[in-house]
Amino acid sequence: MVASKELIDAIVGVWKTRPPGPESLTKSPAMIRLFEVCKADYPDQDIGAGPGWAITTALRSLGLPCELPSDHCNLALPAEDAAQRLDYAFRARSFRRRHLAPLDLADEFPDLDFGSAKVRTFSPDELREAFDAARLKRCYPAWDFDAGALSQFRWIVVEEDVPVEKTPEVRNLPFFFETRDQDFGRIVPHEGKFAPPLETAIFFLALAPWEKWLHYPGIVRCGFRVPWSYTVNEDLFVRVAPPPAADTLSWEWKIFHNRRGEDEEIEVPVVAELEEGCLDELLRWNQSVWQSFEHARTTPLFETPIQHFFIRALMAEKIDEFIAYMTAIEAAIGLHGDYNADARSTPDPHKGLQVTKGSFNNYRYDLGFWGLIV
């Protein structure tokens, strides 16, 4: 499908609006004309449900010229291209989402592929494309993306196609369309921190035997941490926000000798060093191991929230990390008898003991489900 001539002409009219634009953009003649054309071209989208929030958000993502500073006018897409993109946003039945998460502390190791996930490095230009930095710059002209700094880290990336189930206005401001007869303070048990496919991929990578590969395994348990994630949504009607800055990751100062033989202090990422010779083992953490992992997740062993607490441990530090790992152990290998003395066998071979009693180090890396995965 291609955009109608009426839509292209309406976008051209909006694009001709001179900066800084009218006091109320949605009430300007050009925007009113665009709203009317969209209502006629897409009658199933319930465009009249709101004052044009979704369409205005989409136009900003496409580079609405009257809202761009004069030194950023080159960011605006040509009016016809913008019309085609807007038409696609209205007609699409699914959109691609790209979830990206930095692997803080990760040392150098080869690119990995498993399931729908990829672990890799990006050049600054590749990272700008992965984050759709051009769209973010159109929406936030004063924002700067430090691609050079962020490209020094490894990333785990998962893409998924998500079906469109709601109208543009609801996708734009979902909170405004929620019913008020619900408990907004309710606690959702075991709610994930990351998007489900990304969280599963992180869980899989964290299950690798990092304790054997790390040069100093007593300092960190895993070869990486995931402080945050960012989702790039292809849907123009979804509001975007800039990703966290590079200084949210771990950096340290090191001294190097430059070409003139002088000492130079530069800031570099902190890494959890890996042992030499472990790269071949790390390369085994690929699609075949992922298939074993997927099979294990279908067994009753994973009916408990093992993944949830394991991910929480990965994100925590010190005592919080310890407690989260202990809870993951209980979820993995705890039995009904551990919590109900009447359910224990007679005679009880482990009288007076529970899952988390005894040495934590005995269980630290062997959570019971390891044998199902490798």
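These figures come from a predicted structure and were not determined experimentally. Numbering starts at 1 and runs along the sequence shown.
- Crowding of Arg312 atom CZ: a count of heavy atoms from other residues, nucleotides or ligands under 6.0 Å exceeding 12.
- Note that Arg91 lies outside the cation-pi zone of Tyr88, set by a 6.0 Å cut-off to the ring centre and a 45° limit from the axis.
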TODO: Evaluate the criterion side-chain contact (heavy atoms from CB on, under 4.5 Å) for residue pair Phe237 and Glu169; output intermediate values, then yes/no.
DONE: CA-CA 8 Å; Phe237 298 126; Glu169 294 292 341; over 6 Å; no
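- Taking a 6.0 Å sphere around CD of Glu129, one finds it holds 12 or fewer heavy atoms contributed by other residues, nucleotides or ligands.
- With hydrogens and angles ignored, the 3.5 Å screen pairs no side-chain donor or acceptor of Trp53 with any backbone N or O of Pro168.
- Of the candidates Arg138, Arg239, Arg85, Arg135, Ser61 forms a side-chain hydrogen bond (donor to acceptor under 3.5 Å, both in side chains) with just one, namely Arg135.
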TODO: Begin from the C-alpha positions of Leu282 and Leu112 and carry the test side-chain contact (heavy atoms from CB on, under 4.5 Å) through to its verdict.
DONE: CA-CA 9 Å; Leu282 219 166; Leu112 302 174; 3.4 Å; yes
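- Counting heavy atoms from C-beta on, the side chains of Val158 and Phe194 never come closer than 4.5 Å.
- Across Leu150, Leu105, Leu103, a single residue satisfies side-chain contact (heavy atoms from CB on, under 4.5 Å) together with Leu249, and that is Leu150.
- When hydrophobic clusters are built by joining Ile, Leu, Val, Met, Phe, Trp and Tyr residues whose side-chain heavy atoms come closer than 4.5 Å, directly or via intermediates, Val271 is not grouped with Trp155.
- Counting only N and O atoms by type, the side chains of Ser250 and Asp104 include a donor and acceptor under 3.5 Å apart.
- Between Lys193 and Glu199 there is no salt bridge, since no side-chain nitrogen of the basic residue lies less than 4.0 Å from a carboxylate oxygen of the acidic one.
- Thr57 is not listed as a side-chain neighbour of Leu236, based on a closest heavy-atom distance of 4.5 Å or more.
- Using the six-membered ring where Trp is involved, Trp285 and Phe204 have ring planes that are parallel, under 30° apart on the 30 and 60° scheme.
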TODO: Apply the test side-chain contact (heavy atoms from CB on, under 4.5 Å) to residues Leu205 and Trp290: give CA-CA distance (whole Å), side-chain angles for both, the deciding distance (0.1 Å), then the verdict.
DONE: CA-CA 9 Å; Leu205 187 61; Trp290 171 265; over 6 Å; no
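- Here Phe309 and Tyr325 keep their ring centres 6.0 angstrom or further from each other.
- Within 6.0 Å of CD on Glu108 lie no more than 12 heavy atoms contributed by other residues, nucleotides or ligands.
- Around atom CD of Gln287, more than 12 heavy atoms belonging to other residues, nucleotides or ligands sit under 6.0 Å away.
- Ion pairing of Asp144 with Lys137 is present here, as a side-chain N (NZ or NE/NH1/NH2) and a carboxylate O approach within less than 4.0 Å.
- More than 12 heavy atoms of other residues, nucleotides or ligands sit less than 6.0 Å from atom CD of Glu265.
- Annotation: salt bridge (charged side-chain N to carboxylate O under 4.0 Å, His left out) contacts of Asp125 (sequence neighbours excluded): Arg128.
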Open item on the list: Test side-chain hydrogen bond (donor to acceptor under 3.5 Å, both in side chains) on Asp41 and Ser4; report intermediate values, then the result.
Closed with: CA-CA 8 Å; Asp41 285 0; Ser4 67; 2.6 Å; yes
Open item on the list: Run the side-chain contact (heavy atoms from CB on, under 4.5 Å) test on Glu67 and Leu64 for me, step by step, so that the C-alpha distance in whole Å, both residues' side-chain angles and the decisive distance to 0.1 Å come before the verdict.
Closed with: CA-CA 6 Å; Glu67 293 194 355; Leu64 184 60; 3.7 Å; yes
TODO: Step by step, work out the ring-ring contact (aromatic ring centres under 6.0 Å, His included) result for Trp210 and Phe224.
DONE: CA-CA 9 Å; Trp210 295 101; Phe224 64 91; 5.7 Å; yes
Task: Audit row: Phe153, Trp251, ring-ring contact (aromatic ring centres under 6.0 Å, His included) steps and yes/no - done: CA-CA 11 Å; Phe153 293 84; Trp251 297 86; 5.2 Å; yes
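- Between Glu281 and Trp213, the side chains place a donor N or O and an acceptor N or O closer than 3.5 Å (distance only, hydrogens not considered).
- In terms of modelled atom types and a separation under 3.5 Å, the side chain of Arg120 and the main chain of Ile156 share no donor-acceptor contact.
- Sequence neighbours left out, the pairs with a member in residues 228-238 that pass side-chain hydrogen bond (donor to acceptor under 3.5 Å, both in side chains) are His99-Thr231, Arg171-Asp235, Trp228-Thr248.
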